[in-house]
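Counting begins at 1 with the first residue of the sequence.
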Amino acid sequence: MPKISIIMPSLNMAQYIQECMDSVLRQTFEDIEILNVDAGSTDGTLEILNKYLAEDSRVHILHSHKKSYGHQVNLGIEQAKGDYIGIVDTDDKIVPDMYEKLYKVALESESDYVKGTAKGFYTLGEKETYTFPITKPFYSEEYANGVEVVPKDMPELLTTDNFLWYGLYKADFFRQIKLNETAGAAFQDMGALFQTQIKAKRAVYIDKLVYYYRQDNVKASIYNPKGFGFVANEYRFAERFLYGLPLEWHTSFYRKLFHHFMDRMFSMAASGNFWEDTFSDMKRISKKLKWANEENLLTSKDLPDEQWKDLQLLWEDPRLLYDKYYSQILEKKNALEKVIGYLKDNSGVIFGGGKRGEFLHAQLLYRGYNNILAYCDNNVCVQEKQKNGVGIFSPEKVIKNFSGVKFIITCKEYEEEMKQQLLYLGIKECDIYIYSCGIDIRLFGVKLD
């Protein structure tokens with residue numbers, strides 16, 4: 001019998017599934033079975049899986065009669081033979097030692113589950129990716145060696161630990177979990193996650209990157225205009241598990257519902273269109289959150305001031321909240337379009353090799369603009385290194401090696417000093433642009449004019 005069963009639900013994932021499968025098959029921990037649960041793919045996914053099936057005896061294909069992520073995972077759990085179970089979404093990828101690391105901690109701690117951390121990623125052209133942290137439930141100094149917790153006594157986990165797939169679960173424990181079998185991929189992992197947290201008697205969280213979560217799959221549920229309905233239905237399913245739990249769990253549940261709603265509202269704002277067809281679902285969620293407030297389950301002390309204001313806007317009219325978020329997105333969209341207009345067909349250099357510069361470059365690459373030739377930075381520790389496929393050099397070296405380029409300053413703290421430095425080095429003022437917007441991952445979802 002295998003030590004670990006890895007459940008991999010798929011439906012028309014031909015574009016991504018090879019990269020995902022390779023990352024699983026190359027695990028340093030080899031005593032695994034891979035349960036590919038396909039829901040009737042028609043785009044070549046099954047043909048790709050059949051090749052893996054013929055080449056590796058650890059690969060198995062299960063056929064789901066329902067196009068439901070929840071049903072697929074439930075089917076995988078039923079068929080799993082391993083002592084432990086993991087889930088990998090087939091448009092994502094995992095680090096080579098994910099299961100070796102998690103399995104070792106699981107055995108040592110005898111936990112119901114063990115979790116690492118994850119990063120989101122966007123693909124930039126053929127080779128580069130832009131990654132960013134998306135989850136870190138703890139920040140204590142002991143995190144590196146593992147934080148052991150009793151999840152059922154920690155309702156705050158519901159809002160800090162947000163995904164199933166960067167974990168490894170004891171099979172006997174995980175068989176107590178039942179995913180909602182609604183159609184499609186409709187956030188069914190949320191209800192399952194909630195069940196793991198309220199039922200687990202022991203878990204360990206380690207500060208180890210194990211999972212990469214793809215953000216540029218336009219077919220994903222996070223981009224679906226029906227997302228508000230998915231959220232409403234999944235939380236209605238999960239609400240049944242609140243019965244008998246302490247008040248703190250109820251508060252965390254409805255706070256998470258609001259956060260989930262805000263994520264969808266941001267996605268809608270990024271699209272630039274108010275999704276009228278799902279307005280009734282927005283009102284359903286608004287009504288539920290209003291009820292929670294009236295029952296004293298979600299009050300102003302449970303949310304930061306700005307989020308409390310947002311919740312009040314939602315209660316008044318979801319369109320008002322949309323307008324607020326859209327105005328925030330529009331400001332950043334306009335700033336990005338100005339950079340593109342400034343560069344036009346010219347080559348550019350980003351002055352500032354930090355996170356702001358990297359983010360701006362990623363935005364340009366993501367949209368097909370490949371005219372950034374280099375970064376320049378005064379920090380000798382980063383010079384001669386690479387970022388997003390181009391080198392980082394001193395300003396003097398850039399000016400020597402790249403003639404006729406335009407400079408974009410991205411370090412807000414020292415923007416004036418950097419501008420004066422370029423002017424002193426002979427760069428014309430018309431060839432210097434200051435990009436002052438910060439980092440906002442939502443900008444990846446925005447279409448430019």
K.L.:
Quick one about Asn371 and Ser347 (side-chain donor to acceptor, distance below 3.5 Å, no hydrogens or angles considered), yes or no?
P.N.:
no
K.L.:
What's the separation between atom CG in Asp91 and atom OG in Ser10, rounded to the nearest 0.5 Å?
P.N.:
10.5 Å
K.L.:
Take the angle between the ring planes of His260 and Tyr235 and call it parallel below 30°, perpendicular above 60°, tilted in between.
P.N.:
perpendicular
K.L.:
Judged by modelled atom types alone, do Glu417 and Gln421 share a side-chain donor-acceptor pair under 3.5 Å?
P.N.:
no
K.L.:
Under the 3.5 angstrom rule, does the side chain of Thr159 hit a backbone N or O of Ser252 as a donor-acceptor pair?
P.N.:
no
K.L.:
For the pair Gln383 (side chain) and Phe393 (backbone), establish whether a donor and an acceptor sit closer than 3.5 Å, ignoring hydrogens and angles.
P.N.:
no
K.L.:
Counting N and O atoms only, with roles assigned by atom type, does the side chain of Gln195 sit under 3.5 Å from a partner on the main chain of Gly191, one being a donor and the other an acceptor?
P.N.:
yes
K.L.:
Salt bridge between Lys406 and Asp431, side-chain N to carboxylate O under 4.0 Å?
P.N.:
yes
K.L.:
Please assess Tyr213 against Phe163 for the test ring pair (Phe, Tyr, Trp, His ring centres under 6.0 Å), listing each intermediate value before the final yes or no.
P.N.:
CA-CA 10 Å; Tyr213 176 37; Phe163 303 100; 5.4 Å; yes
K.L.:
Is it true that Lys324 and Glu306 make a salt bridge, defined as a side-chain N closer than 4.0 Å to a carboxylate O?
P.N.:
yes
K.L.:
Counting N and O atoms only, with roles assigned by atom type, does the side chain of Asp89 sit under 3.5 Å from a partner on the main chain of Asp92, one being a donor and the other an acceptor?
P.N.:
no
K.L.:
Would you call Lys3-Glu33 a salt bridge at under 4.0 Å N-O?
P.N.:
no
K.L.:
Between Ser5 and Gly82 (side chain of the first, backbone of the second, donor and acceptor by atom type, cut-off under 3.5 Å), is there such a pair?
P.N.:
yes
K.L.:
Go through it in stages, so that I can follow the logic: the residues are Lys208 and Asp97, the test is salt bridge (Lys or Arg N to Asp or Glu O under 4.0 Å), and I'd like the CA-CA distance, side-chain angles, deciding distance and then a yes or no.
P.N.:
CA-CA 10 Å; Lys208 159 69 177 174; Asp97 64 344; 3.0 Å; yes
K.L.:
Quick test of your reading of the model: are Arg58 and Glu30 salt-bridged, counting only N-O distances below 4.0 Å?
P.N.:
no
K.L.:
Could you tell me how the ring of Tyr169 sits relative to the ring of Phe174: parallel (under 30°), tilted (30 to 60°) or perpendicular (over 60°)?
P.N.:
parallel
K.L.:
Please check if the side chain of Lys387 supplies one atom and the backbone of Gly353 the other of a donor-acceptor pair under 3.5 Å.
P.N.:
yes
K.L.:
Does a donor on one side chain and an acceptor on the other come within less than 3.5 Å for Asp161 and Tyr166?
P.N.:
yes
K.L.:
Answer with yes or no after comparing the ring centroid distance for Tyr122 and Tyr130 against a 6.0 Å cut-off, counting only values under it.
P.N.:
no
K.L.:
Hey, what do you get for SG (Cys376) to CD1 (Ile392), rounding to the nearest 0.5 Å?
P.N.:
10.0 Å
K.L.:
Using the salt bridge (Lys or Arg N to Asp or Glu O under 4.0 Å) rule, take Lys397 and Glu384 through it: C-alpha gap first, then chi angles, then the decisive distance, then the call.
P.N.:
CA-CA 10 Å; Lys397 190 168 184 178; Glu384 305 304 323; 3.1 Å; yes
K.L.:
Determine yes or no for a side-chain-to-main-chain donor-acceptor pair under 3.5 angstrom, with Ser64 supplying the side chain and Lys66 the backbone.
P.N.:
yes
K.L.:
With distance as the sole criterion, is a donor-acceptor pair present between the side chains of Asp43 and Thr45 under 3.5 Å?
P.N.:
yes
K.L.:
Does Arg26, at its CZ atom, have more than 12 non-hydrogen atoms belonging to other residues, nucleotides or ligands within less than 6.0 Å?
P.N.:
no
K.L.:
Is it the case that more than 12 heavy atoms not belonging to Phe279 sit under 6.0 Å from its CZ atom?
P.N.:
yes
K.L.:
Should the pair Phe228 and Phe261 be assigned to parallel (<30°), tilted (30 to 60°) or perpendicular (>60°) ring geometry?
P.N.:
tilted
K.L.:
Just by distance, no angles: are the side chains of Asn180 and Glu234 close enough, under 3.5 Å, to form a donor-acceptor pair?
P.N.:
yes
K.L.:
According to the interplanar angle, ranging from 0 to 90°, do the rings of His65 and His71 count as parallel (below 30°), tilted (30 to 60°) or perpendicular (above 60°)?
P.N.:
perpendicular
K.L.:
Does Asp281 form a salt bridge (Lys or Arg N to Asp or Glu O under 4.0 Å) with Lys283? I'd like the steps, not just the answer.
P.N.:
CA-CA 5 Å; Asp281 294 315; Lys283 294 295 289 184; over 6 Å; no
K.L.:
Do Tyr342 and Tyr433 pass the ring pair (Phe, Tyr, Trp, His ring centres under 6.0 Å) test, and can you show the C-alpha distance, the side-chain angles, and the key distance before you say yes or no?
P.N.:
CA-CA 8 Å; Tyr342 163 74; Tyr433 186 88; 4.9 Å; yes
K.L.:
Is the Phe274 ring parallel, tilted or perpendicular to the Tyr322 ring (thresholds 30°, 60°)?
P.N.:
perpendicular
K.L.:
Got a sec: does the CG of Asn401 have more than 12 other heavy atoms crowding it under 6.0 Å?
P.N.:
yes
K.L.:
Is it true that Lys67 and Glu181 make a salt bridge, defined as a side-chain N closer than 4.0 Å to a carboxylate O?
P.N.:
no
K.L.:
Using a 3.5 Å distance criterion without hydrogens, assess whether the side chain of Glu331 forms a donor-acceptor pair with backbone atoms of Ser327.
P.N.:
no
K.L.:
Describe, in one word, how the ring planes of Tyr325 and Phe266 are oriented to each other, choosing from parallel (under 30°), tilted (30 to 60°) and perpendicular (over 60°).
P.N.:
parallel
K.L.:
Is there a donor-acceptor pair closer than 3.5 Å between any side-chain N or O of Asn74 and the backbone N or O of Gly70?
P.N.:
yes
